[in-house]
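Structure first, then comments.
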Amino acid sequence: MKNNFFDRFVPKENKFFPLLSQMADVILSASELIIACVQAKNHAEAVELYKKVKDQERRGDKLQAKIFEELNNTFITPFDREDINALSSRMDDVVDHINSCAKRIMLYSPKVMPESARLLAQLVRESGECLTKAIDELDVLKKTPARVTEYCEKLHEIESKADDVYEHFLIDLFENEKDAIEVIKLKDILHELEKATDTQEAVGKIIKTIIIKYS
Amino acid sequence: MKNNFFDRFVPKENKFFPLLSQMADVILSASELIIACVQAKNHAEAVELYKKVKDQERRGDKLQAKIFEELNNTFITPFDREDINALSSRMDDVVDHINSCAKRIMLYSPKVMPESARLLAQLVRESGECLTKAIDELDVLKKTPARVTEYCEKLHEIESKADDVYEHFLIDLFENEKDAIEVIKLKDILHELEKATDTQEAVGKIIKTIIIKYS
Amino acid sequence: MKNNFFDRFVPKENKFFPLLSQMADVILSASELIIACVQAKNHAEAVELYKKVKDQERRGDKLQAKIFEELNNTFITPFDREDINALSSRMDDVVDHINSCAKRIMLYSPKVMPESARLLAQLVRESGECLTKAIDELDVLKKTPARVTEYCEKLHEIESKADDVYEHFLIDLFENEKDAIEVIKLKDILHELEKATDTQEAVGKIIKTIIIKYS
């Protein structure tokens, strides 16, 4: 794993941007899986899908560790070390929320999964696609700051939509679900999806901070 | 919206301090409204007040966007760009918590609003007044760091009081409310007020960090 | 309390490392108490133990204030002022979570405390021991970055274990506890312990960031 001495002088873009892109890809893969997971037909299917989400979560952890190691072994980085670390660590948090959601679906076995869960999962993926585009342009940030800013604002919009879906799910839940334990379960499961979009917006805010510093 | 070239050299104080003061004013306005909102006599009144809180939330978002744009178009800033961004973004979070509280009151329609809700809303306003004073002295921070530090400590005290009110509300709730769904509703609504004071204290911590850097 | 002028030039290690070590000690003391607290035989014993945890929480607040004051009165610090502040402030948050847990045990008086509460409290202490070791080596960070990195990774492992314990507690709770209000109480109490290990991991992440900057 250790870089050799000369490797430290490899053109700086070659190291961090592909790793961050891979992290964005982990988010995308996990978000595809969570869409299936909220629609699982039975417990066995939910368990199977959770295992696949968990694989992505481990892939995210490994990437985060690799980025940390590279930061320790590289003299020149394209942005401040702390910004790369923050970016990667927050993207890893997104995967953690998706993983928590899948874990809870498996653990809690709610009686019925509401339609809003599918809508939220789709917003998580939409947000993931937007994040991927922003990350893929980090290496040309100085040329296209306006476009990257636009992606970050789109992340904010998607987060607002997810808020609305979550809030309307809550009204419906409180009006129609009389079993308090079922209320607790569904609220917790969908909350993780809402937090996933929140955290994706937070990644967008870190990117905006990088734009402030470097463009 | 774009600054012209010469505008970038306008004395630096002219730009950011008024914008941050306006953001503090959004917090104050929203906190006035939330005091009325927790005392709304019926659902229609709660809806009306929520709409007004939402207006303030949108005003906060616009200010945050404007501060971000100014940071991108200004050569010299009174503090590090990142600090101004953090300050403004966290103040915007305060407004978001107040907005969430109002939204939940409207959406959940709890049977009875406890007295603690009014007490918490008043602490949110008290905290907002204190924050406004701290923000208004940012431009003379080097002359009066002790006074600004004092405001930040006051924010910490108010947050402790809010914690106490929230905890005592919880004891009472668990002792006297037998309807679990009502427990979930009230806990969530008052929690947003408690988080609003938490976040105001967090703004105080950012200001203290700025004092560490610049005084 | 004020340092005199010459005191500002005292060798820099003499000031901050002992204060941060004392903060780690507050975490350790509070974690010892919380192990007893989750096993309290009656309400009177829970109240007594809560008071002792609260004493540690106050000790943490005082240390945090002292570190803040020292940062204001010292010309040369071993790491960036902001990093020392972040470290100390986040360690204080760990104590706050332990304190919240004890407070809730006292306030909610749940019927039965599950075995998982004891397991989580022990993980909080284990994490506290690991954190203490990492903090104690901060002054020789440049010599032993690998060992400190190892402690930070151990904090991550403990946090994962705590996640598992908490999740399995939740399955059991939802399967066997039919009283929804009891579900809310226990979930909230154990959640604070899980957040305590989360926050200890977050301290580890700050230390890793310091390693990135200084080693």
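A note on names: the letters A, B, ... follow the listed sequences, proteins ahead of strands, and every chain is numbered from 1. Predicted model only: the values in this text are computed from it and were never measured.
- Side chains of C/D164 and A/K103 form a contact here, defined as non-hydrogen atoms less than 4.5 Å apart.
- In terms of heavy-atom proximity, C/A180 sits nearest to A/I181 at CB-CG1, 3.8 Å.
- At a 4.5 Å heavy-atom cutoff, A/D179 makes no contact with chain C through either its backbone or its side chain.
- Dense packing is recorded around NE2 of C/H43, with more than 12 heavy atoms of other residues, nucleotides or ligands lying under 6.0 Å away.
- The shortest side-chain heavy-atom distance between A/L107 and C/F174 does not fall under the 4.5 Å cut-off.
- Here CZ of A/F68 is found 7.5 Å from CD of C/E153. Values are rounded to the nearest 0.5 Å.
- A distance of 9.0 Å separates CG of C/L173 from OH of A/Y108, quoted to the nearest 0.5 Å.
- Between A/R81 and C/T209 there is no side-chain heavy-atom pair separated by less than 4.5 Å.
- Using a 4.5 Å cut-off between heavy atoms, C/K178 touches chain A through its backbone atoms (N, CA, C, O) alone.
- In C/K161, the NZ atom is not crowded: 12 or fewer heavy atoms of neighbouring residues, nucleotides or ligands sit closer than 6.0 Å.
- Heavy atoms of A/D80 lying under 4.5 Å from chain C are absent altogether.
- Rounding to the nearest 0.5 Å gives a distance of 3.5 Å between NZ of C/K187 and CG of A/D188.
- With a 4.5 Å cut-off on side-chain heavy atoms, C/K208 and A/N85 do not count as touching.
- With a 4.5 angstrom heavy-atom cutoff, C/E177 touches chain A only via backbone atoms.
- Atom NZ of A/K54 sits in a crowded spot, with more than 12 heavy atoms from other residues, nucleotides or ligands closer than 6.0 Å.
- Contacts between C/H156 and chain A at a heavy-atom distance below 4.5 Å involve the side chain alone, from C-beta outward.
- With rounding to the nearest 0.5 Å, the separation of CD in A/E82 from CD1 in C/I210 is 10.5 Å.
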